[in-house]
Amino acid sequence: MQELTQHFINGLSVGAVYALIAVGYTMVYGVLQLINFAHGDVFMVGAVLILLIGRALGFITPEGVTGSWLAFALLGALSIAACGVLGYAIERLAYRPLRDKPRINSLITAIGISLLLEYGGQHKSVFGPNPQPFPADMLPGIRAPLFSIGEIAISRVDALVLAVTLLLMLTLTYIVLKTRTGLALRAVSHRVDTASLMGINTNRIISFTFVLGSTLAATAGILYAIKYPKVDALMGLFPGVKAFIAAVFGGIGSIPGAVVGALVLGLVEALVVGYVPNGSQYKDGIAFVILIAILLVKPSGLFGKNVVEKV
Amino acid sequence: MSSKKSDILEQAPGIRPLSNGAAWWNMLRSNGPLPILLLLLIPLSLFIESRTFGAYNQRIVMLIGFNIVLAVSLQLINGFSGQFSLGHAGFMAVGAYLAAYPAINVSEKLTNPFMVILFFLALAIVVGIGCAVMYGLFVLLRLSRHLHTSLPAILLIVLLGWIITDVAKGSTHENPPIYFVWSNGLSFLQRMFTVIMLQSTQAMTAASNWLPVAARKPIAYLALLIGGGGCAAVAGLIVGLPTLRLRGDYLAIATLGMAEIIRIAIQNAQPLGGALGLTGIPKFTSFAWLYGVALITIIVLWRIAYSAKGRAIMAVRENEVAASAVGLDPTHHKVVAFVIGAFFGGVAGAMFALHERSITPSYFGFQKSIEIVAMVTLGGLGSISGAILAAIILTLLPEVLRPIAEYRMILYALLLISMMLLRPQGLLGGRELWPKRRTAAGREPVATEDRDDSQNTGVAPA
């Protein structure tokens, strides 16, 4: 029972990271019907930039790191802001010129952007091909358990991940449901041309969606790097694909669906690693099995609109 | 006046113009320059494999050959049927591993072709039984919408597990029941496979000894290529049937996932060498073999792509709704293109394995798939000669740019992006370097020629 609870908490915190990425996928898909392949790499850039900015500002040196929550928050904010700009640039330079072209073109461009970020990051003048340790020591005491009930210990890492995710989800819900921009976003994702007839600046809303999604993904990258204190240029590949699967699971285009899908996926993964023999070797394959199963049984996902496509 | 009349007759629907030359001459002309190249292979291979050409150059020429087969076969899937697949390296891996395993273990250094054939037959039987059982369960589960009607299926699973457990003893009861049934089912099939192989070894070896010595290796090699390709085709069918119902971007992710599943499965399969891969594969692929197979691949795919079937496949790509309105089954045509593409991808993998002596699962990763996709995109979606051209360019490019080889993948990425932004149709943009098809009179075909297509595509239900 104790073991099960531990797996459960672990799965929930991984699922929360997936949820932050999945929301970005689902929002972009909602407004553009495009799978933003580069989204998982924005997640990676978020984690890598902390390291690079920290080095540039002198918080992280080969001798040691400055142990301060405030300094880390500053680095995090810079990195997240930079990723927002990156998301805007990707949309503006790569996707907008192709918006009225066949969808396959945008898809190939998205793959290209993703490769550019991955292999650009792997180049030795940027980050290098080898994984590097993430300076989680900048957060003093992050490894210590926060509290324990009986023999179940909840670490500060997991608590931080869950708290940040919850906070961001509440903020996102507020933005989408209560603000004028959110209203416009929902209108655009309902139907782009009608929304633009109603006087909504659709280009602005689409850019906003990309910026919002990218900042969430960058936050997820930072949280993931704190949890598994390691950074490398390809770290975005699997979390990115899994978050996409989570978004499909929940019904692509639906924000609550993406969150639920991501949490379920995180839990299933943690349980498989815990209970299936040799489970950790199959960990990365499970998400794909789930994807195929979903697409076979209920392609619209848990909360997805049942769009009847005349085929 | 009279010549004009014969023109009209030739263009009448359903009537192929009679050839006015020798059959072999028309055959040569209708396939462009390819058959002539086939005749040039032997003298060329003498030059390529000579010492003056050099081992390094020879290796690049071989790499170009593998990439041509891969790019052309992916062109059928991505270019002609318009189904954007990101998992071609997965099919290549299936072909490579399922040719390398029998080549090492049963072929006695390729001298026992009948054992190779038996291996694939036994594999077909065992996998067939496995798939039939799975499919039966799937149908039963789908028939039953509610719990009480799905009871027969659940009972059947339990019964099956119980029977199989009796047959294959020796597993512990600590594992969860579903896993238990699964692993015992697998070991049951494995045992069956071993029995088939052991029972017929003697007969097959005797039969192989009866063959002339010079014929043994080529026959074994061909059997390995066709077997490896066939396994990849079956993999393509299993992957394609569920995923090809999906649209563009879903399909891309699903094929990417399938290729990853294949790679992870190979990585965890001890008989296939796990993460270390297989070593000691006999080497047989030579320049003549590789380019001979490549030319045959190009001719076959060319004939498919520009046949009535190919037009149907392209029609589905252009507009599924319109295609099904004129009686073409979209799923059927997509799956056909996918399976044929997977077959030749597997053949390329098999040739690769029998050239490299050792293979590892990490070679067949996402990066390899992207390389092939980059070739297809650069050449232009829907152009076979474009894919060939791009395969040559993209294999030579990193070699020419040795000093900046570390930028290779970045270059691929920039190439994909700038291609889509500046010239989305690729180098050739759906055109070919030589005419698509000629009638005997040397003209481009007229559209009405393929009217007889309707009989093999079925009619959509009203």
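Naming convention: chains lettered A, B, ... in sequence-line order (proteins, then strands); numbering from 1 in each chain.
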Indicate yes or no: at least one non-hydrogen side-chain atom of A:Phe303 is less than 4.5 angstrom from one of A:Val260. yes
Should A:Phe210 and A:Asn36 count as side-chain neighbours, where that means a heavy-atom distance under 4.5 Å? yes
Return the CG to CE distance between A:Leu291 and B:Met258, rounded to the nearest 0.5 Å. 8.5 Å
Output a table of donor-acceptor pairs, distance under 3.5 Å, between side-chain atoms of residues 237-248 of chain A and any protein atom two or more places apart or on a different chain; print 'none' if there are none.
unit_1   : atom_1 : unit_2   : atom_2 : d
A:Lys242 : NZ     : A:Glu269 : OE2    : 3.3
A:Lys242 : NZ     : A:Asp284 : OD1    : 2.8

Is B:Leu86 in contact with chain A via its backbone, its side chain, both, or neither, using a 4.5 Å heavy-atom distance? side chain
If you define the side chain from C-beta out and look only at heavy atoms, does anything of A:Arg99 sit under 4.5 Å from A:Glu91? yes
Taking the side chain as everything from C-beta on, heavy atoms only, tell me whether B:Tyr97 gets closer than 4.5 Å to B:Pro361. yes
In residues 262-270 of chain B, which residues are in contact with chain A at a heavy-atom separation under 4.5 Å? B:Ile264, B:Asn268
Between A:Ile35 and chain B, with a heavy-atom cut-off of 4.5 Å, which part of the residue counts as in contact: side chain, backbone, both or neither? both
Is there a side-chain contact between B:Phe338 and B:Thr255 (heavy atoms, below 4.5 Å)? yes
Within the structure provided, determine whether A:Gln132 and A:Asp232 are in side-chain contact (heavy-atom separation under 4.5 Å). no
Have A:Ser207 and A:Arg96 got a donor and an acceptor in their side chains that come within less than 3.5 Å? yes
For A:Gln122, is it the side chain, the backbone, both or neither that has a heavy atom under 4.5 Å from a heavy atom of chain B? neither
If I measure from the heavy atoms of chain B, does A:Leu116 come under 4.5 Å with its side chain, its backbone, both, or neither? both
Proximal to chain A - members of residues 370-380 of chain B, heavy-atom separation under 4.5 Å: B:Ile370, B:Thr377
Sub-4.5 Å side-chain heavy-atom contact between A:Leu4 and A:Tyr275: yes
A side-chain contact here means heavy atoms from C-beta on lying under 4.5 Å apart; do A:Ser114 and A:Glu118 qualify? yes
Just checking, any donor-acceptor pair under 3.5 angstrom between side chains of B:Arg317 and B:Asn78? no
Pull out the residues in residues 17-28 of chain A that come under 4.5 Å of chain B, heavy atom to heavy atom, sorted by number. none
Inspect the surroundings of CZ in A:Arg191 and state if more than 12 heavy atoms from other residues, nucleotides or ligands are less than 6.0 Å away. no
May I ask you to decide if the ring planes of A:Tyr228 and A:Tyr224 are parallel, tilted or perpendicular, using 30° and 60° as cut-offs? tilted
Does the A:His123 side chain pair with the main chain of A:Tyr119, one donor and one acceptor, at a distance under 3.5 Å? no
